[in-house]
Enquirer: 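Sharing a structure below in structure tokens format, with a few things to ask.
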Amino acid sequence: MSLLTELSVLVGSAFAAVGVDASLGSVVVSQRPDLAQFQCNGAMAGAKQLGKPPRDLADEVAKRVESDPRIRAVEVAGPGFLNIHVTDELLAQWMTSTAGDEHLGLYQSNDPMMVIVDYGGPNVAKDLHVGHLRPHVIGESLKRVYRAAGHDAKGDIHLGDFGLPMGQLIAAIAESHPDLPYFDEAATGPFPKESPVTVEDLQVLYPEASGRSKAEPEFQAKAQQATVELQAGRAGYVALWEHFRSVTLESLRAIYARLGVNFDLWLGEASTGDRLEPLVELLQERGVAVESEGAIVIHVTTDEDKKALPPLMLRNSRGGSTYATTDLATIQERVEEFHARAIVYIVDLRQSLHFEQVFRAARLGGIADDSVQLIHAGNGTVNGPDGKPFKTRDGGLPRLSGLLDETVALARTRLDENELALELPDDERDEVIRLVGMAALKYGELSNHRTTNYSFDIERFTQLQGKTGPYLQYVAVRAQSILNRAAEQGLEPGTFLPPSNDKERTLILSLLAWPEVVERTLETLSPNVIAEYTYELATAFNQFYDACHIMREADAAVQASWLGLVSVSRLVLVRALDLLTIEVPDRM
RNA sequence: GCCUUCGUAGCUCAGCUGGAUAGAGCAUCGGACUUCUAAUCCGACGGUCACAGGUUCGAAUCCUGUCGAAGGCGCCA
């Protein structure tokens, strides 16, 4: 329950009483704060149903609503807007219940779902680059939002550890180090525990091998052969592949620790290996998968399509699986083993067609029925500050780890320049700088809508003022600082009094809007809704802070109520930032 | 060629699924510190929402077309 729901119920019953649908009574935060706190636009639509002028209907509803003791005033404006003001007492009541609620008013789903959030998808042997930032941060955020709404969400890294690239690596190493035991066809193991290659080696090897594969048909054939044998379970190849996987994961874990990204499942494409054959057979039995031009495909076009979609390639003409196959098998795995009721993919929008094919195939083949939501929550691309695709001077993509270093270094420069946090011990200050850097980066990322192609401008993101991560951390820390100071004087947050000025009212209204913010984030699957909100809340708090000098307040009851406001403001802000994967230091 | 997404202030972006006078940040100009952390707050300037039609009480939002941008289009992932 939230204040908005309570009001919607009230206004809805008034609509029902005059003979139209109660759902017309949906109350939203006013778009004109100068005119009202809340508004309802239902009269315009309802008037059509009743065949009477909207203002007449609005007047009737207003009359019923304004007699309610919780309502201070209702006005009808324009074509039939209901402008609603609630009593200050109601606001105080809601602050009391919000402060006493461990979820701070957030709806907890009464039908919790198992949600698998698939984000990241880094590839074995490839370093993370700037482009990986988006899905990782958005995915981690959405996973937390699902949890905050009472769902059981798991993040799956879905490692790219399958297919031709693996064969290319094996073929390359077979050429450069033919004496290694992994290449003895008869060998069954055990093989050395130590990896023959480091992750750095792989990062050099992979682009080479991939390039050669395109240019040299002979090498390509070897790579394809190795891929097939690896998938068939040749012991030496499997052992070598496991090394690729483990050295890659080790380096990934380090960077995820810095980023604050946590996966619950460390599965990959290859973990579906045992499912591929039976899946293809099953889909053939069901008549969904058919032979075409030497391959096995699933036709996914429907009559409603303007243009035929390419069929999903289940097995290519060489007998190999594609990533469509593994993605389909992964859906099966998630449904059967994890009982997923929603699978959310945070993957580049450019893969839209692929997911459309896979989702349709999953429905057609009965892999996931309609009780399982399949969602491609695609993300846009990252551009450089010039608005063009992000590239380094040599044309490559900047490495993510380097980018993190750069960001933290810039955060340090900012703090140094402004002579901030100088009183902190060195190690604490270092940690603050790290958190400030990460906040800058993540807020810069998440304040954009998920689908936009945004300009990555670290100079702008690390600004300490304006709509940035560091600003939001600062506000939360400032709130904490007041609470600390109050506690030193033995002052505690107390009973919420009805607000006595507009800054206070605005702050309370902002705090009480939090449940709908999370709700809407879940509807749009875009964390920028929360990012936008944190800035609004922070601004409302700062205005309150500016207008109401808490420590200097003479009236002890008012002071205690204000301290309560500070406390809840800080809690909501910190919670909201946590959903954006942003951490707030104790002081800064 | 076909399909998809996008085009909002000088710059970077929001815009709560069709509502009132389209909002922020940055930049520019001006104001507020004997401070509960000024990393703040207040004000000013800045828009034919790419363009043209249409749908209706009402359109940045929905439909059609034009121009422009990015991306995708069976055996890579």
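Please read these numbers as outputs of a predicted model, since none were measured by experiment. Chain letters run A, B, ... following the sequence lines, proteins first and then strands; every chain starts at 1. Just the heavy atoms: all of them, side chains too, but no hydrogens, waters or symmetry mates, feed the values below.
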Enquirer: Would you indicate what A/R315 reaches in the nucleic acid, counting non-hydrogen atoms under 4.0 angstrom: base, sugar-phosphate, or nothing?
Expert: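 Answer is nothing: A/R315 stays at 4.0 Å or more from every strand.
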Enquirer: Between B/rU61 and B/rG1, how many Å separate the two P atoms, rounded to a whole number?
Expert: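 These two P atoms come out 27 Å apart once rounded.
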Enquirer: Does A/E293 reach a base, just sugar-phosphate, or nothing at all? Heavy atoms under 4.0 Å.
Expert: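 A/E293: base contact, heavy atoms under 4.0 Å.
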Enquirer: Which part of the nucleic acid, if any, lies within reach of A/E516 when heavy atoms closer than 4.0 Å are counted: base, sugar-phosphate only, or nothing?
Expert: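 The answer is nothing, as A/E516 stays clear of every strand by at least 4.0 Å.
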Enquirer: Write down the distance separating the C1' atoms in B/rC49 and B/rA59, rounded off to the nearest Å.
Expert: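 Here B/rC49 and B/rA59 have their C1' atoms 11 Å from each other.
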Enquirer: Select base, sugar-phosphate, or nothing to describe what A/Q463 touches, counting heavy atoms under 4.0 Å on all strands.
Expert: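 Answer is nothing: A/Q463 stays at 4.0 Å or more from every strand.
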Enquirer: For RNA chain B, what residues of residues 474-484 of chain A have any heavy atom nearer than 4.0 Å?
Expert: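 Nucleic-acid contacts, sorted: A/Y474, A/V477, A/R478, A/S481, A/I482.
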Enquirer: Checking understanding here: a glycosidic angle within 90° of 0 is syn, the rest anti, so what is B/rG74?
Expert: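 Classified syn.
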Enquirer: Check whether the side chain of A/S292 and the base of B/rG74 form a donor-acceptor pair under 3.5 Å.
Expert: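 Between B/rG74 and A/S292, which were checked side chain against base, a qualifying N/O pair under 3.5 Å is present.
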Enquirer: Using a cut-off of 4.0 Å on non-hydrogen atoms, how would the nucleic acid contact of A/R318 be classed: base, sugar-phosphate, or nothing?
Expert: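 Since only primed, P, OP1 and OP2 atoms lie under 4.0 Å of A/R318, the category is sugar-phosphate.
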Enquirer: Classify the nucleic acid contact of A/D305 as base, sugar-phosphate or nothing, counting any heavy atom under 4.0 Å across all strands shown.
Expert: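 Touches nothing.
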Enquirer: Going by ring centres under 5.5 Å and near-parallel planes (under 30°), is A/F81 stacked on B/rA20?
Expert: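 Yes; centroid distance and tilt both under limits.
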Enquirer: Please give the distance between the C1' atoms of B/rC6 and B/rC51 as a whole number of Å.
Expert: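 Each nucleotide's C1' atom is 16 Å from the other's.
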Enquirer: Can the positive tip of A/K503 be found less than 6.0 Å from the middle of the six-membered ring of A/F544, inside 45° of the ring normal?
Expert: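 Verdict for A/F544: no cation-pi partner in A/K503.
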Enquirer: In whole Å, measure the gap between the P atoms of B/rC42 and B/rC33 for me.
Expert: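 To the nearest whole Å, 16 Å.
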Enquirer: Mind checking A/L312 for me? I need base, sugar-phosphate or nothing, with any heavy atom below 4.0 Å counting as a touch.
Expert: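 No contact.
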Enquirer: Checking all strands, does A/S352 fall into the base, sugar-phosphate, or nothing category for heavy-atom contacts under 4.0 angstrom?
Expert: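 If one applies the 4.0 Å heavy-atom cut-off, A/S352 turns out to touch nothing in the nucleic acid.
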Enquirer: Looking across every strand, which nucleic acid part, if any, lies under 4.0 Å from A/E269 by heavy atom: base, sugar-phosphate, or nothing?
Expert: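 A/E269: backbone/sugar contact only, no base atoms under 4.0 Å.
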Enquirer: Give me syn or anti for B/rU17, where syn covers glycosidic angles within 90 degrees of 0.
Expert: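 With its glycosidic angle within 90° of zero, B/rU17 counts as syn.
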Enquirer: Counting the atoms with a prime plus P, OP1 and OP2 as sugar-phosphate, which does A/A77 contact under 4.0 Å by heavy atoms, base, sugar-phosphate, or nothing?
Expert: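 A/A77: base contact, heavy atoms under 4.0 Å.
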Enquirer: Answer with base, sugar-phosphate or nothing: what part of the nucleic acid does A/N383 contact at a heavy-atom distance below 4.0 Å?
Expert: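 A/N383: no heavy atom of the nucleic acid under 4.0 Å.
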Enquirer: Side chain of A/S455: nearest nucleotide among B/rU12, B/rU37, B/rU21?
Expert: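 Looking only at heavy atoms from C-beta outward on A/S455, the closest nucleotide is B/rU12.
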Enquirer: Extract the stems that RNA chain B is part of, considering only consecutive pairing runs of at least three Watson-Crick or G-U wobble pairs, both distances under 3.5 Å.
Expert: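 RNA chain B stems, ordered by first number: B:1-7 with B:67-73, B:10-13 with B:23-26, B:28-32 with B:40-44, B:50-54 with B:62-66.
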Enquirer: For A/N448, answer base if it contacts any base atom (sugar-phosphate contacts may also be present), sugar-phosphate if it contacts only those atoms, and nothing otherwise; contact means non-hydrogen atoms under 4.0 Å.
Expert: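 Touches sugar-phosphate only.
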